[in-house]
Visitor: 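Structure below; questions to follow.
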Number of protein chains: 2
Amino acid sequence: MALEHAILVSLSERSGSGYELTRRFEKSIGLWWSATHQQIYRVLKRMEDAGWITVDQVAQSGKPDKKVYTVGDAGRAELTRWLAEPDPSATARELAVKIRGAALGDPAAVAAEVTRHRDAHAAQLDAYLLIEKRDFPDPSVLSGQSLHQFLVLRGGIRTEQGHVEWLEEVLQAFHHDA
Amino acid sequence: MALEHAILVSLSERSGSGYELTRRFEKSIGLWWSATHQQIYRVLKRMEDAGWITVDQVAQSGKPDKKVYTVGDAGRAELTRWLAEPDPSATARELAVKIRGAALGDPAAVAAEVTRHRDAHAAQLDAYLLIEKRDFPDPSVLSGQSLHQFLVLRGGIRTEQGHVEWLEEVLQAFHHDA
DNA sequence: TAGCTCATGTAACTAGTTACATGATTTG
DNA sequence: CAAATCATGTAACTAGTTACATGAGCTA
């Protein structure tokens, strides 16, 4: 799970309420991750119980009170730990959160994780290309169900290619920035 | 939900047991969809209760009995209905299932759905490109957190581009096959 | 004889969605 | 005056994962 960590990244940049976080997720992070307010409230409570974040009840004139959450030492430590931790089963969106939060931990460790995932996607891509060559040597002759099977494989190939190219771009940028 | 429908597609091509379906999902469809045997067994029971599929208990020598599931009339009707039904919130993997099963229903209806999704992804891509131009007019000067934000946006752009190009390829192939 | 494959299942969990509820203020 | 925004929450659901269980036969 990494909604916790996505929230840690967002709250590290700026403290805020559950409502505000919901808005932020609709925009920047929500490019990768959609989270409803119910889910965010639930996770915030869990994070508070774990001692990662602290709450400040803020009274407002005309508006309902809000609970402003701030990342504490334990939260910062957890984020640093998670950013550096290798996770072979991480999805693209989790990787996106790590990239987004790299400056809050060790950017070199994040780059290493990105490298591992680039390699894994490259290997998956090779496997798909092999299947393509073996099962569909001449796509122009395909029709009906075999054509449809081929098209689904093409989607898989494009997805892996996209991942590899993106992660390559990320690595180059990290390298030039280091 | 569409695990039901992914199973309907797979069982329409060939009847089989939950165990066999699990194996199939690890390969062809599992390119897009990973499902554990527990989940598949649970859904198969639900589909049987709904009357979409029928079971045949098959005794085997040396091996445990297996339950071979076959798609019935109600299942075929449901699959046809689902294949033609527009679903704006469908994910790429659900679309992949529809493309894979197009021949089991009305391929023209599936093509129409693919067109709608291509347009939606193209619109999303435009929105991201606008953000890119507005917020990061000169990427070469970026560093640290703003660079990381840019890279995450780049991932979103590449993902949408990949979807648009794939669905374009699908439409061309459908067109030539019709 | 240890581990893999075939084959099905229960139970408990995490993640995420949908519906419902409240109530003040601001905007059209 | 109706609708949107701000702000938090409960409850019930669907989807998916992890752990555990059984037991026969086949392979190294």
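All values reported here derive from a predicted model rather than from experimental measurement. Chain A is the first sequence line, chain B the second, and so forth, proteins listed ahead of strands; every chain is numbered from 1.
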Visitor: Taking 4.0 angstrom as the limit, do B:R116 and B:E113 come out as a salt bridge?
Guide: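 So B:R116 pairs with B:E113 through a salt bridge.
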
Visitor: May I ask you to verify if any side-chain N or O of A:R23 is less than 4.0 angstrom from the OP1 or OP2 atom of D:dC6?
Guide: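 A:R23 to D:dC6 OP1/OP2: side-chain N or O found under 4.0 Å.
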
Visitor: So how far is it from B:R81 CZ to B:D106 CG, rounded to the nearest 0.5 Å?
Guide: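 B:R81 atom CZ to B:D106 atom CG measures 14.5 Å (nearest 0.5 Å).
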
Visitor: Enumerate the residues from residues 46-54 of chain B whose closest heavy atom to DNA chain D is under 4.0 Å, giving them by residue number; use none for an empty result.
Guide: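 Heavy-atom cutoff 4.0 Å gives B:R46.
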
Visitor: Can you figure out which of D:dG16, C:dG9, D:dT8 approaches the side chain of B:L3 most closely?
Guide: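 My answer, after comparing the listed nucleotides, is D:dG16.
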
Visitor: Check whether any side-chain N or O of A:H175 sits under 3.5 Å from a backbone N or O of A:L171 as a donor-acceptor pair, and report yes or no.
Guide: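 No: the side chain of A:H175 does not pair with the backbone of A:L171.
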
Visitor: Between B:D73 and B:R76, is the closest basic N to carboxylate O distance under 4.0 Å?
Guide: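 Yes, charged N to carboxylate O under 4.0 Å.
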
Visitor: Starting at atom CG of A:D65, determine the distance to atom C1' of C:dT25, rounded to an integer number of angstrom.
Guide: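 For the pair A:D65 CG and C:dT25 C1', the rounded distance is 14 Å.
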
Visitor: Please report the distance, rounded to the nearest Å, between OH in A:Y41 and P in D:dG9.
Guide: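 Those two atoms, OH and P, are 7 Å apart.
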
Visitor: Measuring only between side-chain heavy atoms, which start at C-beta, is A:L44 closer than 4.5 Å to A:L21?
Guide: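 Heavy-atom side-chain distance check passes, below 4.5 Å.
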
Visitor: Report each atom pair, protein N/O against N/O of nucleotides 20-28 of chain D, whose distance is under 3.5 angstrom.
Guide:
none

Visitor: Distance check: side-chain N/O of B:Q60 vs OP1/OP2 of C:dC6, anything under 4.0 Å?
Guide: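 Indeed not, no polar side-chain atom of B:Q60 lies that close.
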
Visitor: How many whole angstroms separate atom CD of A:E26 from atom C1' of D:dT5?
Guide: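 Taking CD of A:E26 and C1' of D:dT5, I get 12 Å after rounding.
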
Visitor: Answer whether the closest heavy-atom distance between the side chains of A:L11 and A:I53 falls below 4.5 Å.
Guide: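 SC-SC contact between A:L11 and A:I53 confirmed.
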
Visitor: Would one find a side-chain N or O of B:K45 under 4.0 angstrom from OP1 or OP2 of C:dG9?
Guide: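 No, outside the criterion.
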
Visitor: Short of 4.0 Å, heavy atom to strand atom, which residues of residues 9-21 of chain A count as contacting DNA chain C?
Guide: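 Nothing qualifies; none.
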
Visitor: To the nearest 0.5 Å, what is the distance between CZ on A:R42 and NE2 on A:H37?
Guide: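 Here the rounded value is 11.0 Å.
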
Visitor: Side chain of A:W33 only, heavy atoms from C-beta on: which candidate in C:dG16, C:dT18, D:dG16 is closest?
Guide: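 Per side-chain heavy atoms of A:W33, the pick is C:dG16.
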
Visitor: Rounded to the nearest Å, what distance is computed from the NZ atom of residue B:K67 to the P atom of nucleotide C:dC6?
Guide: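 Value for this atom pair: 19 Å.
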
Visitor: Between D:dC13 atom C1' and A:Q39 atom CD, what is the distance in whole Å?
Guide: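 Roughly 14 Å, once rounded to whole Å.
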
Visitor: Would a 4.5 Å heavy-atom cut-off, applied to side chains only, mark B:W82 and B:D87 as touching?
Guide: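 A side-chain contact is absent here, since even the closest heavy-atom pair is not under 4.5 Å.
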
Visitor: Using distance alone, with no hydrogens and no angle criterion, decide if A:E94 and A:T91 have a side-chain donor and acceptor under 3.5 Å apart.
Guide: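 Distance-only check passes for A:E94 and A:T91.
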
Visitor: Going by an N to O cut-off under 4.0 Å, is there a salt bridge joining A:E20 and A:K66?
Guide: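 Salt bridge: yes.
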
Visitor: Taking the side chain of B:R42 as heavy atoms from C-beta outward, which of D:dG16, D:dT8, C:dT8 is closest to it?
Guide: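 Looking only at side-chain atoms, B:R42 lies closest to D:dG16.
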
Visitor: Write down the distance between CD (B:E4) and P (D:dT14), rounded to a whole number of angstrom.
Guide: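 From B:E4 CD to D:dT14 P: 11 Å.
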
Visitor: Expressed in angstrom and rounded to an integer, what is the separation of A:L44 atom CG from D:dG9 atom P?
Guide: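 The answer, rounded to whole Å, is 9 Å.
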
Visitor: Ignoring hydrogens and angles, tell me if any N or O in the side chain of A:R100 forms a donor-acceptor pair with the backbone of B:V152 under 3.5 Å.
Guide: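 Judged by distance alone, no pair lies under 3.5 Å.
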
Visitor: Hey, what's the ring geometry for B:H163 with B:H121, parallel, tilted or perpendicular (30° and 60° as the breaks)?
Guide: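 It falls in the tilted class, 30° to 60°.
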
